[in-house]
Engineer: 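I'd like to ask you about the structure that follows.
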Amino acid sequence: MDKIDAFFQTINFPSFYLKVILSFITSLLITYYSIPTIIKISRRKNLMDEPGQRSSHERKIPNLGGIALFFAISVSASIYAYQLFDLYKFLFASLVILLYIGVMDDIVVMRAYKKLVAQLVVSAMLVIGSDVRIRNLFGVFGVYELNYFLSVVFSIITFIILVNAFNLIDGIDGLAGSYGLICFGLFGISYYRLGEYNYPLVILSTTIMGSIIGFLFYNLSDRTKKIFMGDTGSMVLGFLLTFTAICFIDIFIAKRGPGVVYYHLNAAPVIAVAILILPIIDTLNVIIIRLAEKRSPFEADKNHIHHKLLRMGLSHKRATFYIISYYLFIVLVAYFLRHIENNSLLVLIISLGFLGAYLPDIFMRKKIKN
């Protein structure tokens with residue numbers, strides 16, 4: 001791989017920016033040109049998403065778009081950000097396992113406990129094997145540095161919760177993809193601003209963004225080209241999103257190493273929560289509703305934020321736009337108030353998140369009264 005770097009350096013253009021551009025274009029083109037084949041095979045073999053209780057669609061749609069996302073990300077990142085796979089040796093293996101579990105679930109529908117076991121295994125591989133973990137909460141809830149065992153357990157639980165939370169927002173056209181695009185864009189910009197040591201993570205972020213854009217072209221298109229990312233895509237993206245969030249927090253912890261520059265942002269964990277606020281709040285909201293109605297928190301329903309907006313008469317694209325806009329506003333609030341006390345900022349962010357979850361209910365009640 002050093003020869004690839006040497007080749008890039010012979011070109012009269014900064015190698016990092018060349019990698020960013022090529023990684024984005026490569027992953028976009030791989031996704032764009034592989035999805036039509038996936039759609040064709042899915043229709044021929046009847047590998048389609050059947051409308052169900054939680055579905056907001058009325059017809060069968062191919063749901064193996066996650067295969068194209070994985071294919072594009074794994075190829076492009078392996079070429080342009082190969083340092084990540086040296087540094088985090090279990091990262092690629094974890095993604096392959098998630099690909100297998102996701103495809104199996106999209107085709108034959110696996111039992112929930114089997115998916116949970118697989119998610120536990122891949123999370124443990126990355127947390128323990130590659131030491132990707134939350135080490136410090138910077139005073140959130142009065143907690144600072146975590147001991148190793150508590151850090152491992154907390155990080156594994158975080159991975160599992162966020163992977164499944166991201167899966168739950170994948171309920172209308174464009175929402176999970178657009179939200180992932182925004183999140184990886186925000187993390188990518190942050191990594192870029194935090195120095196050269198983090199450039200492989202910048203390239204990984206642009207790689208994922210390129211693949212998502214290629215996917216959204218079909219996900220937001222008409223019925224003949226439409227495809228869903230399925231559990232394959234949502235688990236892979238949710239896993240990578242959690243990985244990038246934990247790496248973001250870890251940057252602000254003092255450590256030694258060649259080329260490592262220490263930065264400090266006390267609000268780093270809260271900023272990460274703000275970026276991931278949509279799946280966190282959406283999951284908490286539906287669990288609270290189900291428990292209040294004395295139902296199982298794992299029972300499927302249509303109480304997600306996107307379902308509420310659809311009941312207001314909005315189209316999938318308009319609902320996606322409003323949700324993304326509101327939660328991007330929360331990220332901006334967190335950024336501009338990042339220097340206030342952590343717990344106060346966290347309470348504000350969570351409160352704004354829940355306000356966004358219940359605004360559709362408020363508007364619906366006013367509409368009914370009028």
Engineer: Other residues, nucleotides and ligands only: do more than 12 of their heavy atoms fall within 6.0 Å of OH on Y192?
Structural biologist: no
Engineer: Step by step, work out the side chain to side chain donor-acceptor pair (under 3.5 Å) result for D170 and S234.
Structural biologist: CA-CA 7 Å; D170 184 28; S234 63; 4.9 Å; no
Engineer: Have a look at R135 and tell me which of L146, D250, I246 forms a side-chain contact (heavy atoms from CB on, under 4.5 Å) with it.
Structural biologist: D250
Engineer: With clusters defined by side-chain heavy atoms of hydrophobic residues (ILVMFWY) lying less than 4.5 Å apart, directly or transitively, does F248 cluster with L328?
Structural biologist: yes
Engineer: Under 4.5 Å between side-chain heavy atoms, hopping through other hydrophobics if needed: is there a path connecting I30 to I21?
Structural biologist: yes
Engineer: Do L126 and L91 touch side chain to side chain, with heavy atoms closer than 4.5 Å?
Structural biologist: yes
Engineer: Does the Lys NZ or Arg CZ of R318 fall within the cation-pi geometry relative to F321 - under 6.0 Å from the ring centre and within 45° of the axis?
Structural biologist: no
Engineer: Around atom OH of Y148, are there more than 12 heavy atoms of other residues, nucleotides or ligands at under 6.0 Å?
Structural biologist: yes
Engineer: Can you find a pair of side-chain heavy atoms, one from N63 and one from I227, that are under 4.5 Å apart?
Structural biologist: no
Engineer: Around atom CD of E145, are there more than 12 heavy atoms from other residues, nucleotides or ligands closer than 6.0 Å?
Structural biologist: no
Engineer: May I have the step-by-step check of salt bridge (charged side-chain N to carboxylate O under 4.0 Å, His left out) for D173 and K226, ending in yes or no?
Structural biologist: CA-CA 9 Å; D173 295 344; K226 186 178 292 295; 2.9 Å; yes
Engineer: Mind running ring pair (Phe, Tyr, Trp, His ring centres under 6.0 Å) on Y88 and F243 for me, showing each step along the way?
Structural biologist: CA-CA 10 Å; Y88 307 108; F243 165 75; 5.1 Å; yes
Engineer: Which value, rounded to the nearest 0.5 Å, describes the distance between L310 atom CG and K302 atom NZ?
Structural biologist: 8.0 Å
Engineer: Any chance you could measure I172, atom CD1, to S178, atom OG, to the nearest 0.5 Å?
Structural biologist: 9.0 Å
Engineer: Please identify each residue that fulfils ring pair (Phe, Tyr, Trp, His ring centres under 6.0 Å) with Y218, with sequence neighbours left out.
Structural biologist: Y32
Engineer: Is it true that, when you exclude F71 itself, more than 12 heavy atoms of the residues, nucleotides or ligands shown sit nearer than 6.0 Å to its CZ?
Structural biologist: no
Engineer: Between T207 and A72, what is the shortest heavy-atom contact and its length?
Structural biologist: CG2-O, 4.3 Å
Engineer: With rounding to the nearest 0.5 angstrom, report the CZ to CZ distance, F363 to R311.
Structural biologist: 15.5 Å
Engineer: Verify the cluster assignment for L120 and M110: are they in a single hydrophobic cluster under the rule of side-chain heavy atoms below 4.5 Å apart?
Structural biologist: yes
Engineer: Once rounded to the nearest 0.5 Å, what's the spacing between atom SG of C183 and atom CG of L240?
Structural biologist: 12.5 Å
Engineer: Report whether L116 and L99 are members of the same hydrophobic cluster (ILVMFWY, side-chain heavy atoms less than 4.5 Å apart, transitive linking).
Structural biologist: yes
Engineer: Check the pair I97, M125 against side chain to side chain contact (heavy atoms under 4.5 Å, CB included), reporting the backbone distance first and the verdict last.
Structural biologist: CA-CA 11 Å; I97 294 173; M125 286 171 58; 3.7 Å; yes
Engineer: Got a salt bridge between D231 and K115, using NZ or NE/NH1/NH2 to carboxylate O under 4.0 Å?
Structural biologist: yes
Engineer: Let me check something: any side-chain donor-acceptor pairs from residues 351-361 under 3.5 Å, sequence neighbours excluded? List them with distances.
Structural biologist:
| from | atom 1 | to | atom 2 | distance (Å) |
| --- | --- | --- | --- | --- |
| S351 | OG | V347 | O | 2.7 |
| Y358 | OH | N285 | OD1 | 2.7 |
| D361 | OD2 | K308 | NZ | 2.9 |

Engineer: How are the rings of F16 and Y199 set relative to one another: parallel (under 30°), tilted (30 to 60°) or perpendicular (over 60°)?
Structural biologist: parallel
Engineer: Once you round to the nearest 0.5 Å, how far does CD1 of I157 lie from CD1 of I134?
Structural biologist: 10.0 Å
Engineer: Using every non-hydrogen atom in the two residues, find where L216 and G174 come nearest and quote the distance to one decimal.
Structural biologist: CD2-CA, 3.9 Å
Engineer: Atom CD1 in I281, atom NE2 in H304: separation rounded to 0.5 Å?
Structural biologist: 14.0 Å
Engineer: Side chains of V122 and F159: does their closest heavy-atom pair fall under 4.5 Å?
Structural biologist: no
Engineer: Please list, one pair per line, the donor and acceptor atoms closer than 3.5 Å that link side chains of residues 265-278 to other protein atoms, with sequence neighbours excluded.
Structural biologist:
none

